There are 2 protein chains.
Amino acid sequence: MAAAASHLVPSVGRLGNGDGTSERLLDAATELFARRGFHATSIRDIAARAGANVASGHYHYGSKRGLYLQVLRRQFANVRSLVDRHGPLPPTAVLHRRSRRELIALLTRRVETMIEVMIAPPLQPHGALMLREMCDPTDVMPIIVDEFIRPQTAEMEAIVGALIPAAPPATVQRCVRSIVGQVLFYRFVMPVMLRMLGKQSYPARFTREMAAHVVEFSLGGLARVGRGRMPTLTARRRRPQRRGERGWPRGRTRRTRAR
Amino acid sequence: MAAAASHLVPSVGRLGNGDGTSERLLDAATELFARRGFHATSIRDIAARAGANVASGHYHYGSKRGLYLQVLRRQFANVRSLVDRHGPLPPTAVLHRRSRRELIALLTRRVETMIEVMIAPPLQPHGALMLREMCDPTDVMPIIVDEFIRPQTAEMEAIVGALIPAAPPATVQRCVRSIVGQVLFYRFVMPVMLRMLGKQSYPARFTREMAAHVVEFSLGGLARVGRGRMPTLTARRRRPQRRGERGWPRGRTRRTRAR
DNA sequence: GTCTTGTTGAAACGACTGTTTTAATCGATT
DNA sequence: AATCGATTAAAACAGTCGTTTCAACAAGAC
């Protein structure tokens, strides 16, 4: 019934001192959970890799699940500090007065940081843990959304919104998803992509070109999508405009039910 | 030692007759593997849901893993037949003579089919199984790559290549990834996205607008990226040509090594 | 010294796992 | 009707799982 076990003292921070049984457990658990997943990892594996006893996991973290949650917390706190290391983003109003060149530089750095954190070797546990969380969401997922994804998305929307000031918010959101989607794609389908490339990991040159392409492609996408009204697909030019709708939100028409 | 158990007769086809113990097992396993994953699903769960005995799984499929592999095979055969139902794509040479409007229609249908198969409710097991296979690749992954992903990618490259005939193959490949990535994003981060939308599943309107946006955004990206020479990263432009941009392709310059 | 408190070690518990064994059942063929 | 193969049912097997128990140990307080 020990009182100092860290599952009673939420202390999320916990610098990685490395020594100490609980830290070694956390490190071992991070690696194994990322590599094999929650169910496929036994606390005996974790204890063995940490050079600790089977009971130590329960003593320090209450349960296997508690250990897993702690792993996720620490990992996303790490990512967050990585992403925030360039300082805060200027407020939206300021961004809108920045030059296009500056905005593009901001966007580029965002994309490059994402690639560095999630995709470029040496692979960190972040990506695998996130992928697993998308397969089997746990109690931590809402926390990750609120504390990590929402703010990151908001900042991206600020940048993109400044790049296409005439576009409505919904369009800006979709554009952010398009940009982030392009990047995460390389992480999510990594096993497939590596096999098609015939590599063991992404070459540095590959991730470099990936970043450049995503930015270029996205700038083109923004240019086309971001001119005021949302262009419908088979774009009958802007007049007849039959079925009501005032322009932007209007999705597309026909061809919706494919076949 | 039964001789007719289907793990001895690979018979991948196997129409879904529905009755028959082995079919019920396969259906139950498909749903449970998709929902909970391989390790978190026990053959007792599967047998119970199929109204069969615990031993029937091993009798018909040899092992739990054999059952899982069969599930994946059938599932991707299904997807393939769904995608191919519009008939074969014209050969590349023919595509290059098609009008831009026709090519865009082809691209649009591809995107819409992907969304329909992978994302739009009612959710099919395909997406979840694919996501899990990206977390923990099995022996089937190479088969899926060769029999499903490679041909699909090749067809996409044919369409995109015809849309930007001046672009080198590597650029076409990257563009295909950008397009597919935008779509798959919505499937891979679905738990996060649904939480941010405050919905239980993607509304029909949402997936409609998603398809329209992806096509529009991508056409813009193609237009910018697809004009001739590949915009290399640090691209010393082909001649002095300071940074008085000529507008279009010129990639980005410096800023490659973020920090 | 003793007592207290925080931590580790070894062993065991009960539940559940994938798999195998053995017998019973069904259906068509002879 | 008898036979034989394919299929199903029930039970058991050996192993692993997360978790708990409890004794041993360390170190500071008194």
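The shown structure was predicted, so the numbers you read here are calculated from the model rather than taken from an experiment. A note on names: the letters A, B, ... follow the listed sequences, proteins ahead of strands, and every chain is numbered from 1.
Whole-Å rounding puts the A:N53 CG to D:dC25 P distance at 15 Å. If you measure from atom CZ of B:R24 to atom P of D:dT7, you get 13 Å, rounded to the nearest angstrom.
Listed in residue order, the members of residues 39-52 of chain A having a heavy atom less than 4.0 Å from DNA chain D are A:T41, A:S42, A:I43, A:R44.
Scored by the salt bridge (Lys or Arg N to Asp or Glu O under 4.0 Å) test, A:R150 finds A:D146 as partners (sequence neighbours excluded). Checked against salt bridge (Lys or Arg N to Asp or Glu O under 4.0 Å), B:R35 has the following partners two or more places apart in sequence or in another chain: B:E31. Residues satisfying the salt bridge (Lys or Arg N to Asp or Glu O under 4.0 Å) criterion with A:R177, sequence neighbours excluded, are absent altogether. Residues passing the side chain to side chain donor-acceptor pair (under 3.5 Å) test with B:S178 are A:Q182, A:H213, sequence neighbours excluded.
Distance from the side chain of B:Y59 is smallest for D:dA6 among the nucleotides D:dA9, D:dA6, C:dG9. Of the listed nucleotides (C:dT21, D:dG18, D:dT7), D:dT7 has the atom at the smallest distance from the side chain of B:H60. Of the listed nucleotides (D:dG18, D:dA6, D:dA10), D:dG18 has the atom at the smallest distance from the side chain of A:K64. Comparing C:dT20, D:dG18, D:dT7 against the side chain of B:H58 picks out C:dT20 as the nearest.
Among pairs with a residue in residues 183-206 of chain A, those fulfilling side-chain hydrogen bond (donor to acceptor under 3.5 Å, both in side chains) read A:R205-A:E209, at least two apart in sequence or across chains.
Contact between the side-chain N/O atoms of B:T21 and the OP1/OP2 oxygens of D:dT7 is not found at any separation under 4.0 Å.
The closest donor-acceptor contact from the side chain of B:Y68 to the backbone of B:A29 lies at 3.5 Å or more, if one exists at all.
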